[in-house]
Each structure stands twice: as structure tokens, then as C-alpha cells.
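The next block holds one structure in the form of C-alpha cells; read it before the comments.
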Amino acid sequence: MAVKEPKTSKWRPWLPVVLLFLGVFAMQEFTRFREPPPFTWTAFREAVSQGRVESVVITGGRIHGRLKAEAGKEAQGFTTVKVDDPELLKDLQAHGVQVSAELPENPWLITALWLLPLGVFLWLSLLRQRSGGGAGRAGGLFAVGRSNARMYAEKDIRVRFADVAGVDEAKEELREVIAFLKTPQKYRRLGGKIPKGILLVGPPGTGKTLLAKAVAGEAGVPFFSISGSEFVEMFVGVGAARVRDLFEQAQAQAPCIIFIDELDALGKARNTGPVSHEEREQTLNQLLVELDGFDPHTGVILMAATNRPEILDPALLRAGRFDRHVVVDRPDREGRLAVLKVHAAKVPLEDPKDLELIAAATVGMVGADLANIINEAALLGARRGKEKVGRAELEEAVERAVAGLEKRNRVLSPLERERVAFHELGHALMALALSRGGDAVRKVSIIPRGVAALGYTLQVPTEDRFLMTRSELEDRIAVLLGGRLAEELIFRESSTGAHDDLKKATDIARGMVMTYGMGQALGLVTVDPGRRPLFLETGMAGGRGEYSEALAERIDGEVRGIVDAQAERVRGLLGEREAVLRHAAQRLLEREVLSGEELAALLRGESVPAAPEGKPQERDAA
Ligand code: ADP
Ligand code: ZN
């Protein structure tokens, strides 16, 4: 993959300069405008003594500070005019406020700011020259990119695996990376396949960054990190230079980890919008170049995080790039308890058992939310002058977090949860019933995931199959229909939750008739639906080209016939299993997650405890 040339056809040297001068001017005005709200001295002192202040910067005659983040509220800045107060420093220290000082504004700085556009202009023209003259790795010219990348390197990472809780599967998958980073030579000799690009996939706040850091910490290697969103607002060429620089520096410090947060901001599929985003494309191309160029034997491991893998440019996911995916999911109850324990380790609790209640009451929350709850509870305790944090504080902190969460994404009502449980179990039971041996279901979960999916059933992927028989396709349709039909069986009424399943099932049936020659209407003649989009969906007269209305109708009829036949079959199978379905749903509602084995055990009529194996039962099955 080659670096793309900038598309600008005519080089107008004065344009960037004018734009930059305007930019600097606007920025100055903007910062003035954005000055955080002023505090009175009394309000400031009060905030300090209540422990609400996180940090302050003391300049000549002013104090700029930040308040701590509270549930539902972001960290807030403020500013106040400084009053001569000999107690101030002592007080700040007593309340654990981070204090730093800054010299009064330097007139040279402002001059430098105004000279910046000129510098950037010079640099841009150099960059242009260079990109015209082949892809040499120019060194000293990229002082900006260079110094920035250096800022992102961290050594002596203290985070360990023990600090990341509730993501055991992800940890297991990453152990190999640690082994490799610790002794790359030895690993190579033993012939281990060396990982290169690892994509951590999961909702925000589940601990992806923390996990990547912990890998560096466990292996004792430096951690370079950069966020995809940092590239988006940059000038053309800067992002690419920065990527190049980052890799250059990382390679010099190998073994190490490069972590790119928010990969989706940078790696969105190209050419999706009407306007191409040149800077992002260049940066992305550079990243691809680096990914292909670097030799994993050097001991550099690339990790990235995203919560939207589906929008990533497919080029990023190809073999030899980010080809290993590690799912970092929302924690289940056990996982939440583990996260709470990690964060409560530094907080004295009245009764550690309280954490179990909190874990049960925080369905759908991620590690970051839970860390916040503990922090909030500790603050509440301190404000109330308590020695230890009690249940009252914990519960109040949860309430605040829930309120914040409800604003962000909806929380399911108990009735909806029940429906989701039956729906997912419908899929899972069908998958188990129709699998030809083997464990077809890895787990069933009603922990909400993402915006669209209310629950999910993780099926063991039928490896990329080249050939599927007619009955295998029919089984797939049956599994897809299982969700909806289980809802119908139990609630005697359908919901909107299944439309995606139904669409997929219809697509398979249509493929069988139109593409794979498995229907009667066309026989072995195929129709390429791709050539005539909306061919069947619209039912429009005209524009049908080679196909008659009558044939289209027959195809529709056959598609419908295939789906209907499977629906009948699924109704039968589910009917036979209604008792198991109800029993399993009860367990799933208590446990939120059931493994494939547990489900299989239920099907065999064995009992499955209300709490995960090995753990004592914590509450009665309600
Ligand atoms: P992400 O990168 O997935 O958005 P982060 O790693 O930035 O999430 O998590 C933010 C903070 O939330 C962490 O610094 C940590 O304090 C807390 N946290 C998140 N997940 C976990 C977890 N699994 N175990 C412990 N703490 C967690
Ligand atoms: Zn479904």
C-alpha cells in the first residue's frame, strides 16, 4: 500500500499562512471566551475543605483549578482571584489537592504563538518537497511529530493483571503476548507464532486501555499510546508523520507495546461519506504501511481498542494486521464483584459483603462505572466524617451512577429483561438441538451489549465454510427464528426485538432460491440479486428486466415457504422443550450469563445452581 499523494492540485503557499493567522487569532479569542466560571474566594475555600477540589494551578494573581468529577457530572474547571492567605497551602495539602504553580504569562510565549504559522508554513513546504521526492525517512524536520510521540511513551508501568478484573477470557488470550514480550528470542526459538496486531473490542470503560497497560506492566516493557481521535483534526501530513515517528521510536525501544485508542476515529472505512477526509486517509495509509513494514520479530506489539469494529476499514483487519481480536465485554455479576473488590481494596469498608449487593444492583455497568461508584462512596463517607464506608454510602453512589447511566443508555425494565432472556434462549436451544454433535453454544447472555443488541447468544463459529448443505442452511434459519418464536410461545405476542434475525433468515432463504439453485421456481438457474437491487423487496411493477412478475412472485412464494417450514419445525422443537426453556430462563435471569455446558446440562434434566460453579448460592431463586 503506497502513501497517497495529497489531492490538492495547485499549491498555494499563501493560503495556509493566512488560515493559520486567522486560526491563532480565533484560538486566542476562544480561550478567553472559554475561561471557566469564576469562583468567589469563599466558594473556593469551601470547596477545598469539602474535598471537592482535585487540582489547582497557582499563577501570578489567580488560581485555576478543577473540581473532582461527580456521578453524572464531569470534572469542572474554575478560576478565582488569589487572596493572600497563609493557611492556603497547608489546607490544600491536607485535602490532597494537587498543587502546581505557573509563572505569569510570558510575553515571549505570545510572540512565539504568532510566529508559529510561519514555522508551520516552512515545515509544510518541506513536507511537500519530501513527499514529492520519494519516501525517505527524513529525520530532524519533524520536530513536532517527534516531541509529541515522545510524550506518549511510558515506562515502569505499574498496572498488573491483578488490577484488571472480570475479563478473564481476555487475559487468557493475552498471556501469550506477555510471554513473547518478556523473552522474544526464546519465544522465537521455540517456534511460537508471534502475534502482531491485537484489536481489543468492547464498550467504553470496560478496561481495554487498562488491559493493554497491564500487558506492558506484566512484561515490563515500555508503553506507547496515542488516540485515534488525536489525528482527526490535524493538518494534512502531520498525522502520517506522527505515526511514522511513533513506530520509529517504538522500534528503537523494543520490546514494547504501541497502543492506539479509538482506532475507529482513524480507521473508519474509506470513501463512506460524500466528503473524503484526506488527513484521516493519509494517516490510515501510513498506519497500514507501518503495520506491513515492521517485523514482529523485533518485539513490537501493536494493540488497539475500539467499540465499533464494524465501521473499521476492512484493510485494517486483514491477515498480518489487526488479525487477532480480543473481546472485552461488560462484566457479569461475578465480574462486577471482582472489579468492585479491586477498587475497594484502597477503601475501608464497614462490611465487605456489601459489595455483593452492589454487584447485583449494577447490571450493565462497566468497570469505569464501578470504579466511580467506589470513589463516590468513599467521598460520601469522608463528607459524612465516617471512618469506614457503609452500605448507605455505597447504595447512594449506585443510585447516582444509575441515574447517570439511564441518561446515557436505556436500562431494561424487568419485563423486557424477561423477554430478552426467552428470546436468547430460543436461539440457544435451537442451536443446541440442531447442532450435529459438539458444543454449538458458548454462552447466552442478557447483559446488554452495544446499542442494538439487548442480549446475545454466542455460537461457536462454523469456521469459514465454503460449502453448506441445504439442511445446514435450513438449520441456520431455524436458529435465527428461535428467538422470535420462543417469545411467541411464552408471551403469546411478538415484539420488535427480532427484526434483525428475521431479516437474516429471509436473506438466507432468498439466497437458497436465487443463488444456490435450491428452489423449484428457478431450478438450477440463478438470479443475481446484486444486479437488480430492490428486485423483490419493492414489488414494484416495471424495471424488472428479464424477470416476469409471475416469476418474481414464485420466488417470493418459495422464500416464504422455506421460512414457514422452518418456523413450523422450530415451534415443534420449542414446544417439546418448553419446560426446560422456562427453567433455563429463570436461571438466566438470576445469573445473566449461562455457559453452553450449563445449558446442555439443563437440557439433560440436570440441575444447575443459581450461582456459578464453586460459589455458594447467594440468594434464593426468586
Ligand atoms: P476503556 O479503555 O475500555 O474505555 P479504561 O481502561 O479506560 O476503559 O477504563 C477506565 C477506568 O475504569 C480504568 O482506569 C479503571 O479504573 C476502571 N476499570 C475499567 N475496567 C476495569 C476492570 N475490568 N477492572 C478494574 N478496573 C476497571
Ligand atoms: Zn435474536
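For the numbers below, each heavy atom of this structure counts, side chains included, while hydrogens, waters and symmetry mates do not. Counting starts at 1 for both ligands and their atoms, following the listed order.
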Worksheet item: Does one side chain, of S55 or R66, offer a donor that lies under 3.5 Å from an acceptor on the other?
Response: no
Worksheet item: To the nearest 0.1 Å, how far is atom 26 (N) of ligand 1 from its closest protein heavy atom, and which atom is that?
Response: H343 NE2, 2.8 Å
Fill in: Of the listed options A338, G367, A165, closest to atom 24 (N) of ligand 1 (non-hydrogen atoms)
A165
Worksheet entry | Option with minimal heavy-atom separation from atom 7 (O) of ligand 1, where the choices are V159, T209, V339 | T209
Fill in: Identity and distance of the protein heavy atom lying nearest atom 14 (O) of ligand 1
L210 CD1, 4.0 Å
Worksheet item: In D501, which N, O or S atom comes closest to the Zn ion (ligand 2)?
Response: OD2
Discussion item. Assess the residue pair F224 and F259 against the criterion (ring-ring contact (aromatic ring centres under 6.0 Å, His included)); give the C-alpha distance rounded to whole Å, side-chain angles, the decisive distance to 0.1 Å, and a yes or no.
Written reply: CA-CA 6 Å; F224 289 82; F259 177 68; over 10 Å; no
Worksheet item: Considering only heavy atoms of K208, which atoms of ligand 1 have at least one such atom less than 4.0 Å away?
Response: 1 (P), 2 (O), 3 (O), 4 (O), 6 (O), 8 (O)
Worksheet item: Looking at side-chain heavy atoms only, is the closest gap between E418 and Q586 below 4.5 Å?
Response: no
Worksheet entry | Those atoms of ligand 1 less than 4.0 Å from some heavy atom in P204 | 4 (O)
Practice prompt. For ligand 1, find out whether one of its N or O atoms is nearer than 3.5 Å to an N or O atom of V342.
Written response: no
Discussion item. Just to confirm my output: which protein heavy-atom neighbour is closest to atom 5 (P) of ligand 1, and how far is it?
Written reply: G207 CA, 3.8 Å
Discussion item. If you define the side chain from C-beta out and look only at heavy atoms, does anything of R569 sit under 4.5 Å from L434?
Written reply: yes
Practice prompt. Could you see which bit of D163 sits under 4.0 Å from ligand 1, with heavy atoms only: side chain, backbone, both or neither?
Written response: backbone
Item to complete: For atom NZ of K341, decide whether the heavy atoms of other residues, nucleotides or ligands shown that lie under 6.0 angstrom number more than 12.
Response: no
Worksheet item: Do E424 and S445 have side-chain N/O donor and acceptor atoms under 3.5 Å apart?
Response: no
Worksheet item: Starting from atom 10 (C) of ligand 1, which protein heavy atom do you reach first, and at what distance in Å?
Response: A368 CB, 4.0 Å
Item to complete: Indicate whether the side chain of D501 and that of H423 have a donor and an acceptor atom separated by less than 3.5 Å.
Response: yes
Worksheet item: If we ignore angles and hydrogens, is there a donor and acceptor under 3.5 Å between the side chains of E290 and Q286?
Response: yes
Worksheet item: Do ligand 1 and V164 have nitrogen or oxygen atoms that lie under 3.5 Å from each other?
Response: no
Worksheet entry | Within-4.5 Å side-chain heavy-atom neighbours: D245 and F247 | no
Worksheet item: So which protein heavy atom does atom 4 (O) of ligand 1 come closest to, and at what separation?
Response: G205 N, 2.7 Å
Worksheet item: Do you know which N/O/S atom name in H427 is closest to the Zn ion (ligand 2)?
Response: NE2
